[in-house]
Amino acid sequence: MTPAPHRSHTDDLLAFIAASPSPYHVVASAAQRLEKAGFRELRGTDDWTGATGGCFVTRAGALIAWYVPEDAPAHTPFRIVGTHTDSPNLRVKPAPDTGTAGWRQIGVEIYGGVPLNTWLDRDLGISGRLALRGPDGVPRNRLVQIDEPLLRVPQLAIHLDRTVNEGVALDRQRHIAPIWALGEPREGELLRRVASAAGEDPADVLAWDLMLHDVQPPGYLGVEREFVVASRLDNQVSVHAGVTALVDAATGQTRPSYVPVLAAFDHEEVGSGSETGAQSPLLERVLSRSLAARGGSEEDWSRALAGAFCVSADMAHAVHPNYAERHDPDHRPLPNGGPTVKVNVNQRYATDSTGIAVLTAAAERAGAPWQPFVSNNAMPCGTSIGPLTAARLGVTTVDVGVPGLSMHSAREMCGVRDPGHLAAILTTIMVGE
């Protein structure tokens, strides 16, 4: 039996997530798909003169990709999809080998807004990148991914804490160090294990950016398998949809009316204030340089931005059946009802009526549903890269996202249809049919 179109997209999404346990792996997975579609990577030190067609730039956990249609004038407006590659998790400290009471443990820092209890009693692997000695003293990077159950943060037995069901109080320093062996700490042990997995000499490892991930694979849930369950749905659902949309816009039969762009930033979960975050000038510099490389002028740059439009794609909240009072009573998105359009008049989201109109028209052309989202006035509202991108570039921006439950948990869930709906809407916006 031929699988439904939404299942084909979602099966591909699950493969993308399984291959991408860290922001660096997300970038590598996206780059691999873009190269397969004919895009070419440009280095910052390259001469970009005359670069057209599909191109992309990577920097650590960030990727900027774009497609210039044949004979497109330099002032052709951009259609930007903005996303982020990072997810809340546990990250390995610089001196990680620690332990107590006869256990060997690994020291970790808390990255982003982590519900700590969701990381208890899970089988954890290690992933990230190593910075290595390179030729001529120039460091080189190597990705590493260990999908074996190496570590675990054990929950305290209820016999030793009879009040546990009245609320768990976890000390971020003392209670979150995972165990991985018995005995006294051995300096350099983690380094040796990770270097071996990467096929490198531990003596060549100068530093690392390593993190833990749940090794349980992504999958389907529900009596009719109508839900997706996985780690890092926030925000790999949106990155995958953005890559899919950009490839479809570049390789489809309809010539795009715009220059479609994918901006996948890092460090959104901690405020975007980094060289690869949305607060940086990375996107602006790449786009302006790509335009200048095609012979564009300052006037062309201003015209391209004046006609530009941005979709900030990030996961959203579905109404929680056990906590319905935490949601606005008139805005209760459900899985498989389509992506949400997120509104906040205090500019925690950048959406305005113009953005909603563009999104609505695109959804209608794509044959995809969408749902409005507004936070309960009594609850703090989240945010994403939408307001940051709108402020940096001065372009109309709409915040959208697939609705899900358990956001920021070690394992999240969403509807099986919504990732495909999001990709279809993004494709239509990028092409500008």
Side-chain angles (χ1 to χ4, degrees), residues 20 22-70 72 74 76 78 80-86 128-144 198-200 204-209 239 242-243 246-247 250 259-268 272-298 300-301 304-305 308 385 388-389 392-393:
S20 309
S22 78
Y24 316 108
H25 288 83
V26 175
V27 168
S29 295
Q32 183 179 44
R33 288 162 183 255
L34 291 170
E35 288 180 335
K36 186 177 180 180
F39 284 66
R40 63 189 177 106
E41 183 172 6
L42 300 177
R43 307 288 181 183
T45 54
D46 292 343
D47 183 354
W48 293 10
T49 302
T52 58
C55 303
F56 66 93
V57 172
T58 65
R59 182 179 296 178
L63 175 146
I64 310 296
W66 65 97
Y67 176 76
V68 181
E70 186 176 357
T76 302
F78 302 108
I80 304 166
V81 171
T83 65
H84 67 88
T85 62
D86 60 320
R129 66 174 181 171
L130 304 176
L132 301 152
R133 300 181 195 278
D136 303 321
V138 178
R140 58 188 175 90
N141 292 319
R142 178 67 178 267
L143 297 186
V144 62
E200 299 287 350
D204 288 335
V205 179
L206 303 175
W208 58 66
D209 299 291
V239 177
V243 172
L246 180 57
V247 169
V259 173
V261 178
L262 172 64
F265 298 105
D266 200 355
H267 301 128
E268 188 273 348
S272 298
S274 70
E275 64 168 316
T276 52
Q279 289 196 58
S280 77
L282 178 62
L283 175 60
E284 183 178 356
R285 288 179 177 175
V286 168
L287 293 185
S288 63
R289 183 177 175 184
S290 72
L291 187 146
R294 306 195 312 271
S297 63
E298 283 292 329
D300 290 322
W301 170 244
L305 284 185
I385 66 166
L388 297 174
T389 306
R392 279 209 65 92
L393 297 182

- Message: Could you go through V247 and Y67, starting from their C-alpha distance and side-chain angles, then the distance that decides it, and tell me whether this counts as side chain to side chain contact (heavy atoms under 4.5 Å, CB included)?
- Response: CA-CA 9 Å; V247 169; Y67 176 76; over 6 Å; no
- Item | CZ-OG1 distance between R43 and T58, expressed to the nearest 0.5 angstrom | 6.0 Å
- Work out which heavy atom in P23 is nearest to a heavy atom in T85; give both atom names and the distance. CB-OG1, 3.4 Å
- Note on the structure: So CZ of F78 and CG of L393: to nearest 0.5 Å the spacing works out to 9.0 Å
- Query: Between atom CZ of R289 and atom CD1 of I64, what is the distance when rounded to the nearest 0.5 Å?
  - Reply: 13.5 Å
- Residue pair D300 / G296: nearest heavy atoms and the distance that separates them: OD2-CA, 3.4 Å
- Rounded distance [0.5 Å steps], CG in L246 versus CD1 in I80: 12.0 Å
- Query: When rounded to the nearest 0.5 angstrom, what is the spacing between NE2 in H84 and NE2 in H267?
  - Reply: 12.0 Å
- Message: Has D86 got a side-chain atom pairing as donor or acceptor with E268's backbone, closer than 3.5 angstrom?
- Response: yes
- Where the side chain of T76 meets the backbone of V259, is there a donor-acceptor pair that is under 3.5 Å apart? no
- Message: Between V286 and W66, is the side chain to side chain contact (heavy atoms under 4.5 Å, CB included) condition met? List the steps.
- Response: CA-CA 10 Å; V286 168; W66 65 97; 3.4 Å; yes
- Task: Using modelled atom types only, decide if a donor and an acceptor are shared between the side chain of R129 and the backbone of A60 within a distance under 3.5 Å.
- Result: no
- Please report the shortest heavy-atom distance between V57 and L42, naming the atom on each side. CG2-O, 3.7 Å
- Across all chains, not counting sequence neighbours, the salt bridge (charged side-chain N to carboxylate O under 4.0 Å, His left out) partners of R40 are none
- Query: Between A304 and A74, which heavy-atom pair has the shortest distance, and what is it?
  - Reply: CB-O, 4.4 Å
- Going from OG1 on T276 to CG on L63, what distance comes out if it is rounded to the nearest 0.5 angstrom? 11.5 Å
- Please, which pairs that meet side-chain hydrogen bond (donor to acceptor under 3.5 Å, both in side chains) have at least one residue in residues 131-143, sequence neighbours excluded? R140-E200, R142-E200
- From CA spacing to verdict: side chain to side chain contact (heavy atoms under 4.5 Å, CB included), L283, F265: CA-CA 9 Å; L283 175 60; F265 298 105; 3.8 Å; yes
- All pairs passing ring pair (Phe, Tyr, Trp, His ring centres under 6.0 Å) where residues 23-47 contributes a residue, at least two apart: none
- For S29 and S20, the nearest pair of non-hydrogen atoms, with its separation, is OG-OG, 2.8 Å
- Message: Using every non-hydrogen atom in the two residues, find where C55 and T52 come nearest and quote the distance to one decimal.
- Response: SG-O, 3.7 Å
- Item | Crowding at CD, Q32 (>12 non-hydrogen neighbours, <6.0 Å) | no
